[in-house]
There are 6 protein chains.
Amino acid sequence: MPVVHVYVWRDFSSEAKRRIISGITEVFAEIGVPAGAVEVIIHEIPRENWGVGGEQASEKFKDVQIP
Amino acid sequence: MPVVHVYVWRDFSSEAKRRIISGITEVFAEIGVPAGAVEVIIHEIPRENWGVGGEQASEKFKDVQIP
Amino acid sequence: MPVVHVYVWRDFSSEAKRRIISGITEVFAEIGVPAGAVEVIIHEIPRENWGVGGEQASEKFKDVQIP
Amino acid sequence: MPVVHVYVWRDFSSEAKRRIISGITEVFAEIGVPAGAVEVIIHEIPRENWGVGGEQASEKFKDVQIP
Amino acid sequence: MPVVHVYVWRDFSSEAKRRIISGITEVFAEIGVPAGAVEVIIHEIPRENWGVGGEQASEKFKDVQIP
Amino acid sequence: MPVVHVYVWRDFSSEAKRRIISGITEVFAEIGVPAGAVEVIIHEIPRENWGVGGEQASEKFKDVQIP
């Protein structure tokens, strides 16, 4: 406890993943949860599989850069 | 709000995904939720990883077609 | 297959839930998935537990009506 | 994008929830994701429903304080 | 690792939850995963919020008993 | 009902998956849930995407074997 599931578009860099994992863990540590108890699971989703407002992100956000 | 996670077997066509995303968004629009607020995330699962009644779908449903 | 998890704010009416369940099921039926195979699970989340843009929805969207 | 589901034991304070939401959002902002696009959903789970190492947390961790 | 999310109808007994948690943990132990690493999270869903074949389980399965 | 989502590191063998699916189904059958109603979905996550205690499992657990 806690378990955190993060859903993002595919192809975040390994460095971005590292920062997501350490950053979220720190958020919990700062409110008094032991860092060792935090699990963070990152799920990478193809934009074609992600809809916003009824449209595939592969269309709607095709030019958005990933960190 | 809302966020919708859809779990299906792998290899739905891009057209099927498009219809899932637009169709689910419309369901919410029809009950008064702004379409722009709807996020739909499709997760494609290999049949080997999906069990029904204790058996892998890769065995139990190996002849079922995907739309 | 498929399994659909819907996350919404708390206190949707029973009629709205009924329409979400039947509507999403129909979306799959229309692309050739047997309706009987569709499971839809609605999760109701207190606005205090839902953050958008870093703020709790209980603050940011406190006047938004639920269908 | 992104959508973050946080699973914690029940009864985090409203202040702790606020800090989880703003803190996680900031983690993404720092790697270049627009804060406005971040959704964080906190799920509170009774300890009786959470197992670690085969035991219910209501037994194993009954004296642990929640922030 | 692993993290297991179990979704069931509301009102399983505490004994049933205990057996779900210990039983699932044992399944992993038997294939060589350390029991201490297994987290099981049980989510209880009102039948009104669970649809099967387009109908709410509160209608379709209103007479089914819960263990 | 029930639906079970299992999150594990990538590259479990097909035999391990088969045992996870049949084993979890049996856990429910033993408490009186019909086996045919149990759906188990296994999600395989790259270790780089899984954080424990703020570190990627690809670093922290790089020598751990998968069943």
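Quick note on labels: first sequence line is chain A, next is B, and so on, each numbered from 1.
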Where on [X] is there a heavy atom nearer than 4.5 Å to chain B: the side chain, the backbone, both, or neither?
{"X": "C:Glu30", "result": "both"}
{"X": "C:Val27", "result": "side chain"}
{"X": "C:Val6", "result": "both"}
{"X": "C:Trp50", "result": "side chain"}

*Flag side-chain contact, heavy atom, 4.5 Å: C:Met1 against B:Tyr7*: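 No, side chains not in contact.
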*How about C:Phe28 and B:Ile20: do any of their side-chain heavy atoms sit closer than 4.5 Å?*
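Yes, their side chains come closer than 4.5 Å.
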_Proximity breakdown for B:Val3 and chain C, heavy-atom pairs closer than 4.5 Å_ =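 Interface part for B:Val3: both.
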_chain C contact via B:Phe61 - side chain, backbone, both or neither, heavy atoms under 4.5 Å_ =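 Neither part; nothing is under 4.5 Å.
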